[in-house]
Amino acid sequence: MLRDAFGREIDYLRIAVTDRCNLRCVYCMPPQGVEWKARSQILSYEEIVTVVRAAAGWAFARFGSRRRAACAPDVERLVEMIAAVPGIVDVCMTTNAVLLDRRAEALARAGLRRINVSLDTLRDDRFERITRFGHLEDVWRGLEAAERADLAPIKLNAVVVRGMNDDELADLPRSLRARLHVRFIELMPISNEGDWARTCRRREIAW
Ligand code: SF4
(Lines give C-alpha, C1' and ligand atoms only; values in the text may rest on other atoms or scores of the structure.)
Protein backbone atom coordinates (compact mmCIF):
# COMPACT_ATOMS: atom_id res chain seq x y z
CA MET A 1 0.00 0.00 0.00
CA LEU A 2 1.39 3.39 -1.01
CA ARG A 3 0.80 6.26 1.41
CA ASP A 4 1.82 9.89 1.36
CA ALA A 5 3.58 11.69 4.22
CA PHE A 6 0.20 12.20 5.96
CA GLY A 7 -0.68 8.51 5.86
CA ARG A 8 -3.25 8.88 3.11
CA GLU A 9 -3.60 6.00 0.66
CA ILE A 10 -2.62 6.86 -2.89
CA ASP A 11 -4.92 4.86 -5.12
CA TYR A 12 -5.17 6.89 -8.28
CA LEU A 13 -2.98 8.36 -10.91
CA ARG A 14 -3.81 11.70 -12.49
CA ILE A 15 -2.38 12.61 -15.87
CA ALA A 16 -2.76 15.80 -17.88
CA VAL A 17 -2.93 14.78 -21.51
CA THR A 18 -2.66 18.21 -23.10
CA ASP A 19 -1.83 21.80 -22.18
CA ARG A 20 -4.45 23.05 -24.64
CA CYS A 21 -7.97 24.20 -23.87
CA ASN A 22 -10.78 25.59 -25.98
CA LEU A 23 -11.87 28.03 -23.24
CA ARG A 24 -10.03 30.93 -21.54
CA CYS A 25 -11.40 31.03 -18.00
CA VAL A 26 -10.48 34.33 -16.37
CA TYR A 27 -8.86 32.72 -13.34
CA CYS A 28 -6.86 30.28 -15.46
CA MET A 29 -5.56 31.93 -18.61
CA PRO A 30 -4.80 35.40 -19.95
CA PRO A 31 -7.22 36.59 -22.68
CA GLN A 32 -4.77 35.85 -25.47
CA GLY A 33 -4.21 32.31 -24.17
CA VAL A 34 -0.79 30.83 -23.51
CA GLU A 35 1.92 29.59 -25.80
CA TRP A 36 1.19 25.93 -26.38
CA LYS A 37 4.04 23.50 -26.00
CA ALA A 38 5.26 21.75 -29.12
CA ARG A 39 3.92 18.23 -29.52
CA SER A 40 7.48 16.93 -29.09
CA GLN A 41 7.63 18.50 -25.61
CA ILE A 42 4.71 16.56 -24.16
CA LEU A 43 4.36 12.84 -23.63
CA SER A 44 3.03 10.74 -26.49
CA TYR A 45 0.10 8.41 -25.77
CA GLU A 46 2.52 5.47 -25.84
CA GLU A 47 4.77 7.17 -23.26
CA ILE A 48 1.77 7.92 -21.04
CA VAL A 49 0.76 4.25 -21.13
CA THR A 50 4.31 3.27 -20.14
CA VAL A 51 3.94 5.44 -17.03
CA VAL A 52 0.49 3.97 -16.30
CA ARG A 53 1.84 0.41 -16.62
CA ALA A 54 4.67 1.18 -14.22
CA ALA A 55 2.32 2.74 -11.65
CA ALA A 56 -0.30 -0.02 -11.95
CA GLY A 57 2.30 -2.74 -11.62
CA TRP A 58 4.00 -1.14 -8.67
CA ALA A 59 1.61 0.23 -6.11
CA PHE A 60 -1.79 0.87 -7.60
CA ALA A 61 -2.71 -2.56 -8.87
CA ARG A 62 -4.45 -3.76 -5.70
CA PHE A 63 -6.45 -0.62 -5.32
CA GLY A 64 -7.18 0.31 -8.87
CA SER A 65 -6.17 3.41 -10.63
CA ARG A 66 -8.08 6.35 -11.90
CA ARG A 67 -6.99 8.61 -14.63
CA ARG A 68 -8.18 12.05 -15.53
CA ALA A 69 -7.64 13.96 -18.70
CA ALA A 70 -8.82 16.97 -20.60
CA CYS A 71 -10.25 16.35 -24.03
CA ALA A 72 -7.53 16.00 -26.63
CA PRO A 73 -7.51 14.84 -30.24
CA ASP A 74 -7.97 11.11 -30.54
CA VAL A 75 -8.18 10.78 -26.76
CA GLU A 76 -10.49 7.78 -27.20
CA ARG A 77 -7.45 5.80 -28.38
CA LEU A 78 -5.58 6.71 -25.21
CA VAL A 79 -8.54 5.76 -23.01
CA GLU A 80 -8.68 2.38 -24.73
CA MET A 81 -4.94 1.83 -24.23
CA ILE A 82 -5.09 2.72 -20.54
CA ALA A 83 -8.25 0.73 -19.82
CA ALA A 84 -6.46 -2.35 -21.18
CA VAL A 85 -3.54 -2.05 -18.72
CA PRO A 86 -3.74 -4.87 -16.14
CA GLY A 87 -4.58 -3.43 -12.71
CA ILE A 88 -6.53 -0.44 -13.97
CA VAL A 89 -10.06 -0.74 -12.62
CA ASP A 90 -11.48 2.70 -13.22
CA VAL A 91 -10.82 5.33 -15.87
CA CYS A 92 -12.17 8.82 -15.27
CA MET A 93 -11.76 12.03 -17.27
CA THR A 94 -11.94 15.67 -16.28
CA THR A 95 -13.23 17.96 -19.01
CA ASN A 96 -15.01 21.25 -19.62
CA ALA A 97 -17.55 19.17 -21.60
CA VAL A 98 -17.96 21.58 -24.51
CA LEU A 99 -17.08 18.84 -27.03
CA LEU A 100 -18.50 15.96 -25.03
CA ASP A 101 -21.75 15.69 -26.94
CA ARG A 102 -19.75 14.44 -29.95
CA ARG A 103 -17.45 12.15 -28.02
CA ALA A 104 -19.21 10.69 -24.96
CA GLU A 105 -20.42 7.56 -26.72
CA ALA A 106 -17.00 6.77 -28.24
CA LEU A 107 -15.25 7.46 -24.94
CA ALA A 108 -17.60 5.10 -23.11
CA ARG A 109 -16.99 2.41 -25.74
CA ALA A 110 -13.23 2.91 -25.29
CA GLY A 111 -13.51 2.14 -21.58
CA LEU A 112 -14.15 5.48 -19.88
CA ARG A 113 -16.30 4.93 -16.79
CA ARG A 114 -16.91 8.40 -15.35
CA ILE A 115 -16.37 12.08 -15.99
CA ASN A 116 -15.76 15.18 -13.92
CA VAL A 117 -17.01 18.38 -15.51
CA SER A 118 -15.87 21.90 -14.65
CA LEU A 119 -18.89 24.19 -14.31
CA ASP A 120 -18.88 27.34 -12.20
CA THR A 121 -22.27 28.84 -12.97
CA LEU A 122 -25.76 28.06 -14.22
CA ARG A 123 -26.16 31.47 -15.83
CA ASP A 124 -25.50 31.76 -19.57
CA ASP A 125 -24.18 35.33 -19.42
CA ARG A 126 -21.93 34.60 -16.47
CA PHE A 127 -20.58 31.43 -18.08
CA GLU A 128 -19.63 33.44 -21.15
CA ARG A 129 -17.84 36.01 -19.00
CA ILE A 130 -15.99 33.48 -16.88
CA THR A 131 -14.84 31.42 -19.87
CA ARG A 132 -14.52 34.55 -22.06
CA PHE A 133 -16.46 33.05 -24.99
CA GLY A 134 -17.91 29.69 -23.98
CA HIS A 135 -21.57 28.75 -24.37
CA LEU A 136 -23.32 27.05 -21.49
CA GLU A 137 -25.63 25.19 -23.85
CA ASP A 138 -22.59 23.25 -25.15
CA VAL A 139 -21.94 22.02 -21.62
CA TRP A 140 -25.57 20.99 -21.14
CA ARG A 141 -25.45 19.05 -24.40
CA GLY A 142 -22.23 17.39 -23.24
CA LEU A 143 -23.77 16.43 -19.91
CA GLU A 144 -26.82 14.95 -21.60
CA ALA A 145 -24.59 12.93 -23.93
CA ALA A 146 -22.58 11.70 -20.94
CA GLU A 147 -25.77 10.57 -19.21
CA ARG A 148 -26.94 8.78 -22.34
CA ALA A 149 -23.54 7.03 -22.53
CA ASP A 150 -23.91 6.04 -18.85
CA LEU A 151 -20.73 7.83 -17.78
CA ALA A 152 -21.90 7.94 -14.19
CA PRO A 153 -21.78 9.30 -11.60
CA ILE A 154 -21.02 12.65 -13.19
CA LYS A 155 -19.24 15.02 -10.84
CA LEU A 156 -19.37 18.76 -11.36
CA ASN A 157 -16.43 20.81 -10.11
CA ALA A 158 -17.40 24.40 -9.35
CA VAL A 159 -14.68 26.92 -8.50
CA VAL A 160 -16.31 29.30 -6.04
CA VAL A 161 -15.07 32.87 -5.85
CA ARG A 162 -16.52 35.65 -3.75
CA GLY A 163 -18.21 38.19 -5.97
CA MET A 164 -18.05 35.93 -9.02
CA ASN A 165 -20.48 33.10 -8.34
CA ASP A 166 -20.89 32.72 -4.56
CA ASP A 167 -24.54 33.77 -4.93
CA GLU A 168 -25.10 30.44 -6.75
CA LEU A 169 -23.78 28.22 -3.95
CA ALA A 170 -27.25 26.91 -3.13
CA ASP A 171 -28.54 26.92 -6.71
CA LEU A 172 -25.78 24.78 -8.16
CA PRO A 173 -26.67 21.57 -6.29
CA ARG A 174 -30.40 22.31 -6.14
CA SER A 175 -30.91 23.08 -9.80
CA LEU A 176 -29.07 20.11 -11.19
CA ARG A 177 -30.28 16.61 -11.74
CA ALA A 178 -29.82 14.03 -9.01
CA ARG A 179 -27.24 12.05 -10.95
CA LEU A 180 -24.91 15.06 -10.97
CA HIS A 181 -22.75 15.43 -7.87
CA VAL A 182 -21.54 18.98 -7.22
CA ARG A 183 -18.18 19.63 -5.58
CA PHE A 184 -17.02 23.09 -4.66
CA ILE A 185 -13.39 23.79 -5.41
CA GLU A 186 -11.13 26.42 -3.92
CA LEU A 187 -9.46 28.68 -6.47
CA MET A 188 -5.95 27.39 -7.01
CA PRO A 189 -3.16 29.97 -6.86
CA ILE A 190 -1.87 29.66 -10.40
CA SER A 191 0.05 32.11 -12.48
CA ASN A 192 -2.87 34.07 -13.90
CA GLU A 193 -4.45 34.67 -10.51
CA GLY A 194 -2.69 38.01 -10.04
CA ASP A 195 -3.81 39.32 -13.44
CA TRP A 196 -7.34 38.24 -12.76
CA ALA A 197 -7.43 39.82 -9.29
CA ARG A 198 -6.19 43.10 -10.77
CA THR A 199 -8.83 42.85 -13.51
CA CYS A 200 -11.56 42.34 -10.91
CA ARG A 201 -10.27 45.24 -8.83
CA ARG A 202 -10.44 47.47 -11.87
CA ARG A 203 -14.02 46.21 -12.27
CA GLU A 204 -13.44 45.43 -15.93
CA ILE A 205 -15.55 42.34 -15.44
CA ALA A 206 -19.11 42.88 -14.24
CA TRP A 207 -20.35 39.59 -12.94
S1 SF4 B 1 -10.16 26.44 -16.06
FE2 SF4 B 1 -10.28 24.54 -17.27
S3 SF4 B 1 -11.81 24.99 -18.87
FE4 SF4 B 1 -11.13 26.97 -18.05
S5 SF4 B 1 -9.45 27.65 -19.37
FE6 SF4 B 1 -8.53 26.57 -17.63
S7 SF4 B 1 -8.30 24.45 -18.35
FE8 SF4 B 1 -9.77 25.47 -19.73
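Just so you know, ligand 1 is whichever comes first in the structure, and atom 1 is the first atom listed for that ligand.
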Next on the checklist: If you scan the protein for heavy atoms around atom 2 (Fe) of ligand 1, do you find one that is closer than 4.0 Å?
Outcome noted: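 Within 4.0 Å: no protein heavy atom nearby.
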Checklist entry - Do Thr50 and Arg53 touch side chain to side chain, with heavy atoms closer than 4.5 Å? => result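 Sidechains of Arg53 and Thr50: no contact.
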Checklist entry - Within the stated cut-off of 2.8 Å, is an N/O/S atom of Cys28 closer than that to atom 8 (Fe) of ligand 1? => result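 No, Cys28 does not qualify, because none of its backbone or side-chain N, O or S atoms lies under 2.8 Å.
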Within the 4.0 Å heavy-atom shell around [X], which atoms of ligand 1 are there?
X	answer
Cys25	1 (S), 3 (S), 4 (Fe), 5 (S)
Asn96	3 (S)
Leu23	5 (S)

Next on the checklist: Heavy-atom count check: over 12 atoms from other residues, nucleotides or ligands less than 6.0 Å from Glu47 CD?
Outcome noted: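 Yes, CD of Glu47 has more than 12 neighbouring heavy atoms, counting only those of other groups under 6.0 Å.
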Which heavy atom of [X] sits nearest to which heavy atom of [Y], and what is that distance?
X	Y	result
Leu172	Leu119	CD2-O, 4.4 Å
Pro153	His181	CB-CE1, 3.8 Å
Asn96	Val139	O-CG2, 3.7 Å

Item to check | Protein heavy-atom partner closest to atom 7 (S) of ligand 1 - residue, atom, separation in Å | outcome: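 It is Cys21 SG, 3.8 Å.
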